[in-house]
Amino acid sequence: MAEAGLNQKENVLNDEALFENEDQDFEFDEGGLELAAKEADLDYEAELEGNYPNENFSLPEQWDSGKAILPTITDWSSTELTREGGDGPAPFRSGAITPDGLIDEDFEAEIGTPSLNNYFQDDEETDEEFQDIAEHKILEVAGDDLYGRKVIVFAACKLPPSAQIDHQRLLEYMKHVLDQYVENDYVIVYFHFGLTSKNKPKLTWLIQIYRELDRKYKKNLKALYIVHPTNFIRILWNLFKPFISVKFGRKIMYVNYLHELKEHLHFDQLVVPPLVLQHDAKLVASNKPKYPYGQDSSDAGTLPTQQYGVSLQHIKSHYGCVIPPAVQQTVDYLRQNALDVEGIFRRSANAVQLKAVQKKFNHGERVDFAVEGDEHIPAVALKIFLRDLQEPLLTFDLYQPVLRLHTVEDERRVAEVRRMLHEELPEDNYQILKFIVQLLTEVVDHSAINKMNSSNLAIVFGPNLLWPKGQASLSSMGYLNNFARFLIDNYSQVFDR
């Protein structure tokens with residue numbers, strides 16, 4: 001294993017032009033790329049043992065000298081992660097994580113509607129044709145990241161031996177899963193460890209992915225984290241570099257150690273395979289890396305005024321109100337100023353501004369969102385507040401009952417949801433939930449303008465209202481989204497006492 005390679009950097013993989021013809025930097029030479037792939041004759045097993053795949057394969061001079069290093073999360077300060085402005089692009093360097101909203105792109109004519117035609121319809125029926133692929137759990141959904149974007153996890157170590165899986169069907173399954181989320185901002189975490197000569201896909205299959213995952217899938221992809229990169233990643237970069245653009249490279253970040261992800265993801269909700277955890281522990285013990293981000297002593301511990309990352313009881317004990325000020329202020333501003341904003345709650349916001357807003361709320365200050373100048377900031381701040389609660393707003397106790405609602409007869413469903421919320425949900429949680437869902441109904445009333453119907457909002461809010469103590473499965477996400485949509489569409493029946 002080439003552990004030393006984990007600390008090496010290079011220019012990043014920039015491959016958006018493989019998909020787009022509108023603004024690509026290079027034309028995609030499909031024939032040339034496939035020929036290069038064949039000539040490279042890469043040997044994954046040799047790569048995993050720390051050797052370059054082909055003794056005649058030419059690597060950049062800086063690699064041979066050991067001077068090139070992969071860009072990592074810790075190379076980027078929050079001030080560098082800024083939105084593009086009117087004076088030109090922000091000072092990105094290749095490999096930067098691109099937080100929400102950094103790449104300004106036009107919306108589609110209309111945001112797609114997920115297939116939620118029947119409430120609580122068993123998602124297994126939808127995934128039946130992919131059951132043989134889904135059972136390997138190669139692809140998982142891990143809620144939202146710290147910026148409110150969906151997190152999709154791909155684990156190479158869960159790939160079965162190539163003879164036991166149809167990679168064409170795997171690609172179709174990947175598209176099937178991504179189709180549910182690509183209309184919203186999302187990120188991908190790729191765990192590279194565990195790719196061997198036995199389970200490696202062919203390079204022609206990787207090329208097929210480049211060809212078929214077109215602009216629809218890349219437009220709202222905001223970050224691609226490659227965890228535990230090895231020589232193989234660097235070799236692929238060298239191979240594909242002539243054919244790809246710089247634009248996509250801004251979304252790629254190499255992650256050498258798992259703890260580097262904690263700055264950007266809810267790590268406790270991330271699906272990390274045991275093999276990856278063990279591998280990371282060995283790397284940390286061997287290399288003894290410095291912790292990537294420190295905490296200012298002034299912010300250490302929980303503040304009495306803190307609202308993010310604490311319990312509702314903590315907030316109420318200090319502020320003396322049922323509706324937390326962060327919720328009250330964001331909802332009030334959104335109701336007055338953002339109901340007609342296209343993609344509200346769907347789009348993300350600038351990371352630096354979001355952190356500043358959270359800091360103000362945590363210090364008991366009032367936030368003037370009009371000064372922030374972006375209606376998406378209070379929308380994302382509200383989502384992050386919900387996701388950062390120590391216990392979900394709907395509580396851990398209601399997780400299994402919500403998943404079982406699809407077994408309740410249609411005519412009894414409203415009554416059962418009313419009973420569940422009124423009898424099993426704490427009164428404060430109930431009032432906060434009602435307050436937020438009422439806003440969502442108003443957003444839906446303006447959906448002809450803002451393009452956010454109840455289905456779109458459900459995908460955004462489902463995982464932020466309820467999650468399990470452990471890791472939510474991909475199949476459970478559908479039930480959570482359906483429940484959120486049910487609350488929005490049946491607001492008056494569910495919440496009116």
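In what follows, every heavy atom counts, from backbone to side chain, and hydrogens, waters and symmetry copies are set aside. It should be emphasised that the depicted structure is a prediction, and the values quoted were computed from it without experimental measurement. Residue numbers run from 1 in the order of the sequence given.
For the atom pair L394 CG and W467 CH2, the distance stands at 9.5 Å (nearest 0.5 Å). In this structure, CG in L339 is found 8.0 Å from CG in L334, a value given to the nearest 0.5 Å. Taking CG of L457 as the start and CE of M452 as the end, the distance is 4.5 Å to the nearest 0.5 Å. With rounding to the nearest 0.5 angstrom, the CG atom of L389 is 10.0 Å from the CG atom of L465. For the atom pair SG of C157 and CG of L275, the computed distance is 5.0 Å after rounding to the nearest 0.5 Å. For the atom pair CG (L178) and OH (Y173), the distance works out to 10.0 Å, reported to the nearest 0.5 Å.
For the residue pair Y308 and N362, the shortest heavy atom distance occurs at N-OD1, 2.9 Å. The two residues K383 and F345 have their closest heavy-atom pair at NZ-O, 2.9 Å. P324 approaches L312 most closely through the heavy-atom pair CG-CD2, 4.1 Å.
Side-chain atoms of V182 and N220, non-hydrogen and from C-beta on, never get closer than 4.5 Å to each other. Proximity of D144 to K150: side-chain heavy atoms (C-beta onward) are separated by under 4.5 Å at one or more points.
Checked against the 6.0 Å centroid criterion, the rings of H422 and Y430 qualify as a close aromatic pair. A centroid separation of less than 6.0 Å is found between the aromatic rings of F369 and Y333.
Although no hydrogens or angles enter the test, the distance criterion places a donor-acceptor pair under 3.5 Å between the side chain of Q307 and the main chain of F361.
The aromatic rings of H228 and F193 stand perpendicular to each other, their planes meeting at an angle above 60°, with 30° marking the opposite boundary.
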Which donor-acceptor pairs under 3.5 Å do the side chains of residues 316-323 make with protein atoms, sequence neighbours left out?
unit_1 : atom_1 : unit_2 : atom_2 : d
K316   : NZ     : D428   : OD2    : 2.9
S317   : OG     : Q313   : O      : 3.3
S317   : OG     : H314   : O      : 2.7
Y319   : OH     : T305   : O      : 2.6

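The side-chain contact (heavy atoms from CB on, under 4.5 Å) with L270 is formed by just one residue from the set D145, L258, V151; it is V151.
Salt-bridge check for E416 with R419: passed, with a basic side-chain N closer than 4.0 Å to an acidic carboxylate O.
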